[in-house]
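Following: one structure in structure tokens, then a few remarks.
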Amino acid sequence: MIWKLHGNGHLEPGAVVAPDERLSWGKTVGLGAQHVVAMFGATFVFPLLMGLNPQLAVMMSGIATLLFIVLTRNRVPSYLGSSASFTGVAAAIYAQGGNPASVTGALLITSVALLVIGIIIHLVGARLVHAVLPPAVTGAVVMLIGFNLAPVVAGVYWPKDQLTAAIVMVVVIVLSVGLRGYLGRIAIFLSLVFGYALSAVLDRVLGPITTTAADGSSSSAYRIAWHGVRSADWVGLPPITDLAHWKFGATTNVVGFHTPQFSFAFALVALPVVIALIAENTGHVKAVAEMTGKNLDGDMGRAVAADGLASTLASAVGAGPTTTYAENIGVMASTRVYSTAAYVVAAVVAILFGFSPKFGALVSATPPGVLGGITVVLYGMIGLLGAKIWKENRVDFGNPVNLVPLAAGIIIGIGNVTLTFSPTFSLGGIALGTLVTVIGYHVARLLAPATPPDDAGANLVFDAPGIYTEDDEPAVRDPREETPQVGRRVR
């Protein structure tokens, strides 16, 4: 048996269900349904934003989750859903003339890189991550990835239906702040449903909307294109991508299964996102370890490699990469049920959803105005996660080692600054910003003086090259970490 029965199969008050335990199958199915609700909104919203097929993405998320549970030896309960980190990559590739196959080709290369890094972490140890990617660097990369998406909102989604976008934006804010429990965790999904219904009403009441293209031509269309939904079958596999007639920004694109196409230039755009994926995976493993009370450091490399392999498989068939979902970790924290059996149930449900083209067509018909209202909040939230990493790790920006290279990298990423090497090769945006952040930080540490500069502030004391801490809270170095932990006193 993979799972042993917890007690008599019922959840007693205050009881904790371990990953290798399960409740009765009836209760396990109910818990699995909660995990489906938690992951569902983001898992199909993100591929939709990347121009990929949401039906295929949901199906592959279920397969990826089963693979993850097997490869982590049933020790790390997590759901692998669509990653948000690649939405900016997809937008950048499309802006440079790429298509969905170009996007998944770049994502496949990044996924293989994540797999290799996971194997290295497993062999060397988690200390490698802390040494190469300290919190200061990780936070900056996550921030520039999120804020790099601002032009996508301003230039692609919002202008097509400003009224709907503004209303949906307000609804996202209200529901995210006002709702509690599970409803609060799926506020994005509820806002999408509301926006969909609002668009249907506006189509009936106000009729089609008129949009003006960059060349001055105008066209009229309804907010929701129902023809694809009506013609889709209830049961069947996702469609085959029609690259011959694919056009960036068109609502009639047929996207589904396809073979990736590889481009060195596009791969360079996507590869920096590996840093964000490593940060997500290691952070989630630590969160699960904290909740379950088990030391999972030895499983960290295995978890990163498992996500890399799952993402490779998903990208190879035309879906986007996956990542461990904080939404589902939140479900575990509230229920104190860490059984991987519930995740298996959720994965099976996701795979079954993947066999409904009607579901995929309905999601793909989401109006641009609705996406505009959601993404204006969602992309900003992704960027602010970088600030959250800084805050939780007390990154000191009074230290020029942290301040100067990170500032340069963030502005390059947000402003899509480009460095041209030849007529056929250039670096810009996320790729260049990440390189400047990572390389610049480590070079600055090497060049940092052995004593703090005179203008660094009287309240700062030297701890290590390029690292200063508050003198009223002496820093004690954890041998497993590269950055000091402020506030932990010597006993």
Side-chain angles (χ1 to χ4, degrees), residues 37-55 57-58 81-82 84 87-88 90-91 94 146-212 219-226 228-229 249-253 326-327 359-385:
V37 171
M39 69 84 182
F40 191 71
T43 298
F44 75 73
V45 168
F46 295 137
L48 193 64
L49 299 178
M50 291 190 288
L52 303 177
N53 186 278
Q55 177 193 355
V58 169
S82 304
T87 48
Y94 289 144
F147 291 159
N148 176 266
L149 295 167
V152 178
V153 179
V156 177
Y157 296 125
W158 191 280
K160 293 185 177 179
D161 188 0
Q162 298 182 35
L163 174 63
T164 303
I167 294 174
V168 172
M169 177 191 67
V170 173
V171 171
V172 171
I173 296 172
V174 171
L175 296 184
S176 299
V177 176
L179 295 179
R180 296 293 183 270
Y182 293 122
L183 292 179
R185 294 187 180 276
I186 60 171
I188 297 293
F189 171 67
L190 295 178
S191 301
L192 186 144
V193 173
F194 169 84
Y196 215 117
L198 174 65
S199 298
V201 172
L202 293 178
D203 278 344
R204 289 273 187 174
V205 175
L206 302 179
I209 55 176
T210 301
T211 57
T212 303
S219 60
S220 297
Y222 285 100
R223 295 164 181 82
I224 305 177
W226 290 113
V229 180
T251 58
T252 57
N253 289 324
E327 292 91 334
F359 158 77
L362 185 66
V363 174
S364 298
T366 303
V370 177
L371 295 178
I374 290 175
T375 53
V376 75
V377 178
L378 193 62
Y379 291 167
M381 289 171 59
I382 295 173
L384 289 177
L385 286 177

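One-based numbering along the sequence shown. Just so we're clear, the structure is a prediction, and the values are computed from it rather than from any experiment. Heavy-atom basis, side chains included; hydrogens, waters and symmetry copies ignored.
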Minimum heavy-atom separation for [X] and [Y], please, with both atom names.
X	Y	answer
Y94	M50	OH-O, 2.8 Å
S191	L175	OG-CD1, 3.7 Å
G372	A165	C-CB, 4.2 Å
P368	K160	CB-CD, 3.7 Å
D203	I224	OD2-N, 3.2 Å
F194	V171	CE2-CG2, 3.4 Å

Does any pair with a residue in residues 369-384 pass salt bridge (Lys or Arg N to Asp or Glu O under 4.0 Å), and if so which ones, sequence neighbours excluded?
->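 Non-adjacent pairs meeting salt bridge (Lys or Arg N to Asp or Glu O under 4.0 Å): zero.
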
To the closest 0.5 Å, what do you measure between [atom1] ([X]) and [atom2] ([Y])?
X	Y	atom1	atom2	value
S199	L163	OG	CG	9.5 Å
L371	L49	CG	CG	5.5 Å
L48	T43	CG	OG1	12.5 Å
L202	L206	CG	CG	5.5 Å

Qualifying residues under ring pair (Phe, Tyr, Trp, His ring centres under 6.0 Å), relative to Y222, sequence neighbours excluded |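 Checked Y222 against ring pair (Phe, Tyr, Trp, His ring centres under 6.0 Å); zero matches.
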
Not counting sequence neighbours, which residues clear side-chain hydrogen bond (donor to acceptor under 3.5 Å, both in side chains) with T164? List them please.
->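 For T164 the side-chain hydrogen bond (donor to acceptor under 3.5 Å, both in side chains) partners, ignoring immediate neighbours, are D161.
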
